[in-house]
Number of protein chains: 2
Amino acid sequence: MAVTVVGSIAFDAVKTPSGERERMLGGAATHFALAASFFDTVHVVGPVGDDFTDADMAILATRGTDVSDVERVAGGRSFFWKGEYGWDLNDRETLDTQLNVFEHFEPKLSDASKAADVLFLANIQPELQLDVRRQCEAARFVAMDSMNLWIDIARDALVRVIEAVDCVILNDAELRQLTGKPNVLTAAREVIAWGPSVVVAKQGGYGAALITAGDVFNIPAFPMETVVDPTGAGDTFAGGFVGFVARHVDSGLTRDVLRNAMAYGTALASHNVEEFGTERVERLQPGEIHARVADLADMTRFDAPALDLRSASGQPA
Amino acid sequence: MAVTVVGSIAFDAVKTPSGERERMLGGAATHFALAASFFDTVHVVGPVGDDFTDADMAILATRGTDVSDVERVAGGRSFFWKGEYGWDLNDRETLDTQLNVFEHFEPKLSDASKAADVLFLANIQPELQLDVRRQCEAARFVAMDSMNLWIDIARDALVRVIEAVDCVILNDAELRQLTGKPNVLTAAREVIAWGPSVVVAKQGGYGAALITAGDVFNIPAFPMETVVDPTGAGDTFAGGFVGFVARHVDSGLTRDVLRNAMAYGTALASHNVEEFGTERVERLQPGEIHARVADLADMTRFDAPALDLRSASGQPA
């Protein structure tokens, strides 16, 4: 039941209202793997440079993640992203992006990575996502992320990827832009018409919505007073969501499996933002995740009462 | 158990992607009353002009709402607001605001309005809210709304109102601005420290959060593919929320009462946006509201499973 993830392994420099870090381990594949490894064996596929140390690799390998497909490019430097978050953490400015070894990345998957039951195509060039999708013929559940850049400059290729996956995880602005539909529910149903059976609309600090042909489910972000660094929250969510599905892939994409996957993704994302980069999720314990999922279930639950409402006559109906 | 509401009764002109209306009945007190009247007798207090017809008054009086404190100002014109919504309905531009009879409004409450158990101070000048609050000494539950304008130009008076109410209903940007706290949960707890026991943070199309000293509850907006006109959604939410509390004021502000109030407010707001102005809620039936509340309960529910997660060793914990 292993999970393969293909995406960026990066160094991030980030400034938030809580402080700053010059160099921390980041990238979509990293955050995804740290979360998904709670559920299953993860194979990480992506390039790094000479600047990627054994200590960095050890973090990536947390909870037994297989890093043998992490390609060290001699003479290269790792992907680098620098950004700064505003006062209320709702917006961020990218100050620098250096593709470095990612510029000429050609995904080479080992047999073990190709054989995984579950595949996550993190946000990379759609042509590369399609290439990896084709290498993983055995995959029974394939999920993907993307971003506004690819909708702008490579929409046709992106749509071909979407047609070849089971689950699309995008934020609601991306879903609107992708489909040209201003309503997120309509946009999600358009995407489902292209092939996938599951759409997850991420809503940043507000939570996420799950849309399938037969279900709509909403879950809020876990409310917390201190958010240190939102970087990687979306990929950590994806890691929890896809990891949970991977553990239950034999029972099929039932409504309960997908809803619980949303809860575990949300719980993991909320832990991720408690500290900088991967710091918190590295040492996170299973009991902490379960407790947060239980809290989420509690803080969203209500039992509608029997109640006489008044009708147009002004009297109880 | 009657509810008194003091606020604007207006004519709105609105343009949305679905169409436009030149003159429709609106205003915070109107939308509030149309929703709250499902739960209890509502007394509406506010001024209108000569342009306010008997047909308009009949709509305001839907479900037995008492309009005897609606003051007709001879020679005056009703409050007028004109606005236009953007593509995805997430932002709106105010094109015109004419206070008209509202400019010299001095709330005069009948004994019946003063005697209500529950009071809602819709978004008006804080000094007027405080005046009304003092006239309603019998009120056992007082809720209020406000807006960024009053935080900008009358913050001291606004804080005095907040100190004198039980429940503050604001959107999350207003809560941040009011308290200077970028985190909504922290902002809500700051407001609770000023006196109120309940804070509702409205999140527009994303739903709303309820914060008390002992509870945090989140509910999404009801997902819908067609939103015709968001005008009045917040006041309709408040009408459902406060109306539900009014029906249960004898049992106290229990966790269940407040959570269910959030659900009824959310259901009513979702109906409000289905058509222009008050068109939909005027003819709404109790069964439609109950059905939507039941749908909301269903689409937010999950039952966290027992699950072995892997620990740092890579093995199940």
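Worth knowing before you read on, the calculation uses all heavy atoms, side chains too, and leaves out hydrogens, waters and symmetry mates. By convention in this document, chain letters (A, B, ...) are assigned in the order of the sequence lines, proteins followed by strands, and residues within each chain are numbered from 1.
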### Query
For B/D88, is it the side chain, the backbone, both or neither that has a heavy atom under 4.5 Å from a heavy atom of chain A?
both
#### Entry: Most contacts with chain B, counted as non-hydrogen pairs under 4.5 angstrom, among A/T65, A/D295, A/D172
A/D172
### Query
Under a 4.5 Å heavy-atom cutoff, which of B/Q285, B/Q203, B/R283, B/H248 has the most pairs with chain A?
B/Q203
### Task
Below 4.5 Å from any heavy atom of chain B, which atoms of A/D303 appear? Answer side chain, backbone, both or neither.
both
### Query
chain A heavy atoms under 4.5 Å from B/N218: which part of the residue, side chain, backbone, both or neither?
both
### Summary
Honestly, the part of A/Y206 sitting under 4.5 Å from a heavy atom of chain B is side chain
### Query
Among B/M262, B/R176, B/R255, B/R189, which residue forms the greatest number of heavy-atom pairs with chain A at distances under 4.5 Å?
B/R176
### Heavy-atom proximity to chain B below 4.5 Å, by part of A/L284
neither
### Task
For the pair A/E288 and A/R280, find out whether any cationic side-chain nitrogen is under 4.0 Å from an anionic carboxylate oxygen.
yes
### Message
Between B/F39 and chain A, with a heavy-atom cut-off of 4.5 Å, which part of the residue counts as in contact: side chain, backbone, both or neither?
### Response
both
### Task
Look at the side chain of A/D66 and the backbone N and O of A/V42, then say whether any donor-acceptor pair between them is shorter than 3.5 Å.
no
### Message
Counting heavy-atom pairs closer than 4.5 Å to chain B, which one of A/A306, A/P305, A/P220, A/P223 comes out on top?
### Response
A/P305
#### Entry: Part of B/I211 lying under 4.5 Å from any heavy atom of chain A
neither
### Query
Would you say the side chain of A/F217 lies within less than 4.5 Å of the side chain of A/L258, judging by non-hydrogen atoms?
no
### Message
I'd like to know which of B/V216, B/D215, B/T226 tops the heavy-atom pair count under 4.5 Å against chain A.
### Response
B/V216
### Task
May I ask you to test the A/N90-A/Y85 pair for a side-chain heavy-atom distance under 4.5 Å?
no
### Query
Which bit of B/D298 comes within less than 4.5 Å of chain A, counting heavy atoms only: side chain, backbone, both or neither?
both
### Query
Hey, does A/S311 have a side-chain heavy atom less than 4.5 Å from the side chain of B/R63?
no
### Message
Counting only non-hydrogen atoms closer than 4.5 Å, does B/R247 touch chain A with its backbone (N, CA, C, O), its side chain (CB onward), both, or neither?
### Response
side chain
### Query
Does the distance from a Lys or Arg side-chain N to an Asp or Glu carboxylate O, for B/K181 and B/E174, drop under 4.0 Å?
no
### Summary
If one checks every heavy atom of B/I289 against chain A at 4.5 Å, the contacting part turns out to be side chain
